Amino acid sequence: MADQQQTESEQTPLLGGPGDASQQDKPLYYNFILGTGVVAQAGAWILAAIVWGSVFSNDLILFSAHPLLNSAAVLFFIQGILILQPTYTAKQKKQGTYTHAALNDVAILAAVAGLVVIEYNKIAHNGTHFESPHAILGLITYILVILQALIGITQYFTPALYGGVDNAKKLYKYHRVGGYFTLLMMLATVCAATQTTFNVNVLNMQLWAVVVASLLIVLGVGARIKISKFGWLAGQ
């Protein structure tokens with residue numbers, strides 16, 4: 001009985017009961033909408049719709065690929081978080097990790113392509129680099145994404161770099177914290193994009209709409225966080 005209660009405690013998310021954020025015997029794809037995952041999905045797709053709707057409402061130019069690719073990257077990163085959060089058994093965690101890595105790989109490719117587009121555009125027009133709040137936040141976010149990817153991949157697939165599996169596992173909690181912080185930085189970067197000259201003069205994305213979508217994402221993802229996975233509980 002005590003072991004069962006401890007397991008339930010470890011699986012309890014910030015909001016709701018243990019089953020609200022644990023995969024249990026459900027198929028892996030169910031993790032995308034489990035519990036408050038549906039709230040996060042609503043925010044993620046609304047945010048993507050805001051960006052894509054604004055871009056396709058205007059004539060397409062080379063720069064158009066930048067917001068399209070980066071918003072797609074954010075969407076895939078969110079899916080990568082949602083698929084892994086509720087995994088419960090060792091088998092589910094393994095499946096979730098591989099899917100998490102695949103989704104993040106796609107997101108990184110989209111993000112890097114978006115960076116190449118904006119940098120090429122800046123060079124072609126003799127523009128200034130990393131001057132606006134959006135650009136500075138974007139640069140920081142890109143760095144965080146690369147660090148997260150390198151640490152996540154090496155922790156899981158090449159633990160010998162950290163002195164063995166046990167040592168690598170000790171860093172998992174930092175990878176999780178880093179992932180959630182990186183997501184916040186992504187959303188802050190998108191919010192800052194609404195204040196750029198190009199958006200004000202051309203795209204006309206509304207800050208309030210982006211903030212609302214971002215809050216839905218934060219609430220949906222945040223509510224499924226299990227504090228025990230950070231090793232902050234007594235005895236962990």
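Computed from a prediction, not measured in an experiment: that's the story for all the values here. Quick note: residue numbers are just sequence positions, from 1.
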Just wondering, are more than 12 heavy atoms of other shown residues or ligands nearer than 6.0 Å to [atom1] in [X]?
| X | atom1 | result |
| --- | --- | --- |
| F56 | CZ | yes |
| D59 | CG | no |
| F198 | CZ | yes |

Min side-chain heavy-atom separation W52-L68 under 4.5 Å: yes

| message | Within the structure provided, determine whether Q92 and L28 are in side-chain contact (heavy-atom separation under 4.5 Å). | response | no

Answer yes if the side chains of [X] and [Y] hold a donor-acceptor pair under 3.5 Å, and no otherwise.
| X | Y | answer |
| --- | --- | --- |
| T97 | Y156 | no |
| Q41 | Q79 | yes |
| T196 | S132 | no |

Subject >> Between F157 and Y98, ring centroids under 6.0 Å >> reply: yes

Taking the ring centre of each residue, are Y172 and H175 less than 6.0 Å apart?
no

Mind checking the [atom1]-[atom2] spacing from [X] to [Y]? Nearest 0.5 Å is all I need.
| X | Y | atom1 | atom2 | answer |
| --- | --- | --- | --- | --- |
| T99 | Y29 | OG1 | OH | 13.5 Å |
| L171 | Y162 | CG | OH | 6.5 Å |
| I83 | L34 | CD1 | CG | 10.0 Å |
| I146 | Q148 | CD1 | CD | 11.0 Å |
| S64 | N58 | OG | CG | 7.5 Å |
| N70 | L115 | CG | CG | 8.0 Å |

Heavy-atom donor-acceptor pair, [X] side chain to [Y] backbone, under 3.5 Å:
| X | Y | answer |
| --- | --- | --- |
| Q23 | N31 | no |
| R176 | I225 | no |
| H134 | T189 | yes |
| N126 | K122 | no |
| H66 | G114 | yes |

The residue among L82, T87, L84 that forms side-chain contact (heavy atoms from CB on, under 4.5 Å) with H100 is L84

